[in-house]
Amino acid sequence: ILMALIWRLNIKSYRQLNSAKYEVLKDMEILLPYKFYTKEMEYLTEKTKSKFKHMTRIEQIAPILLCLLFLTLIIFSILKLLKI
């Protein structure tokens, strides 16, 4: 459970780091003749039929599911030991 929580914190940290990098790219893009970041976001949101999902949001589900699995196993083991 502790490893899954650390994993989730690590994903959150990378998400924050990447968000900051994209903000810097947006600022730099103003000075460039081609708006690469803006074009990428337009493509992902307008040209694809489904809504774009950031990978870090999806990745954050895995550690939570593992925690739930571990907690279920712990509760099951305790109940079995107590023979309830």
Side-chain angles (χ1 to χ4, degrees):
I1 292 173
L2 183 60
M3 287 300 293
L5 293 173
I6 291 170
W7 180 18
R8 188 165 191 278
L9 288 173
N10 191 28
I11 292 169
K12 184 178 179 182
S13 175
Y14 275 109
R15 181 178 180 191
Q16 290 170 334
L17 179 63
N18 283 339
S19 293
K21 287 183 181 195
Y22 283 120
E23 289 302 316
V24 171
L25 284 174
K26 281 196 255 180
D27 290 343
M28 289 172 53
E29 186 181 58
I30 295 169
L31 304 172
L32 298 174
Y34 185 77
K35 309 298 183 207
F36 62 92
Y37 181 77
T38 302
K39 292 291 185 187
E40 180 182 50
M41 285 295 115
E42 285 175 4
Y43 175 78
L44 288 172
T45 56
E46 293 173 7
K47 294 184 180 176
T48 57
K49 300 297 180 202
S50 61
K51 186 175 177 351
F52 174 68
K53 292 181 179 40
H54 291 276
M55 191 59 185
T56 53
R57 292 185 193 272
I58 297 167
E59 287 173 330
Q60 287 180 349
I61 296 170
I64 292 169
L65 291 176
L66 277 176
C67 279
L68 291 174
L69 174 65
F70 291 142
L71 286 172
T72 303
L73 290 172
I74 289 169
I75 291 169
F76 179 75
S77 297
I78 290 171
L79 292 176
K80 189 168 182 163
L81 282 173
L82 296 174
K83 297 183 190 215
I84 294 178

Shared hydrophobic cluster for [X] and [Y] (ILVMFWY, side-chain gaps under 4.5 Å):
{"X": "Leu82", "Y": "Leu71", "result": "yes"}
{"X": "Leu73", "Y": "Met3", "result": "no"}
{"X": "Ile11", "Y": "Leu5", "result": "yes"}

Can you list the residues that meet the side chain to side chain contact (heavy atoms under 4.5 Å, CB included) rule with [X], with sequence neighbours excluded?
{"X": "Phe76", "value": "Lys80"}
{"X": "Leu32", "value": "Phe36"}
{"X": "Ile6", "value": "Leu2"}
{"X": "Ile64", "value": "Arg8, Leu68"}

Can you sort out the partners of [X] under side-chain hydrogen bond (donor to acceptor under 3.5 Å, both in side chains), two or more places apart, ordered by chain and number?
{"X": "Glu23", "answer": "Lys26"}
{"X": "Ser13", "answer": "none"}
{"X": "Glu29", "answer": "Thr38"}

Report summary line: Tyr22 meets the ring pair (Phe, Tyr, Trp, His ring centres under 6.0 Å) criterion, sequence neighbours left out, with Tyr37

Query - Side-chain hydrophobic cluster, 4.5 Å single linkage: members besides Val24 - result: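 Met28, all in the cluster of Val24.
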
Query - Nearest heavy-atom neighbours spanning Ala4 and Pro63 - result: O-CB, 3.2 Å

Query raised in the report: For the atom pair CD (Gln60) and CG (Leu9), what is the distance rounded to the nearest 0.5 Å?
Result: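 CG of Leu9 is found 9.5 Å from CD of Gln60.
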
Query - From CG (Leu69) to CD1 (Ile74), nearest 0.5 Å - result: 9.5 Å

Query raised in the report: Is there a side-chain contact between Lys35 and Glu42 (heavy atoms, below 4.5 Å)?
Result: no

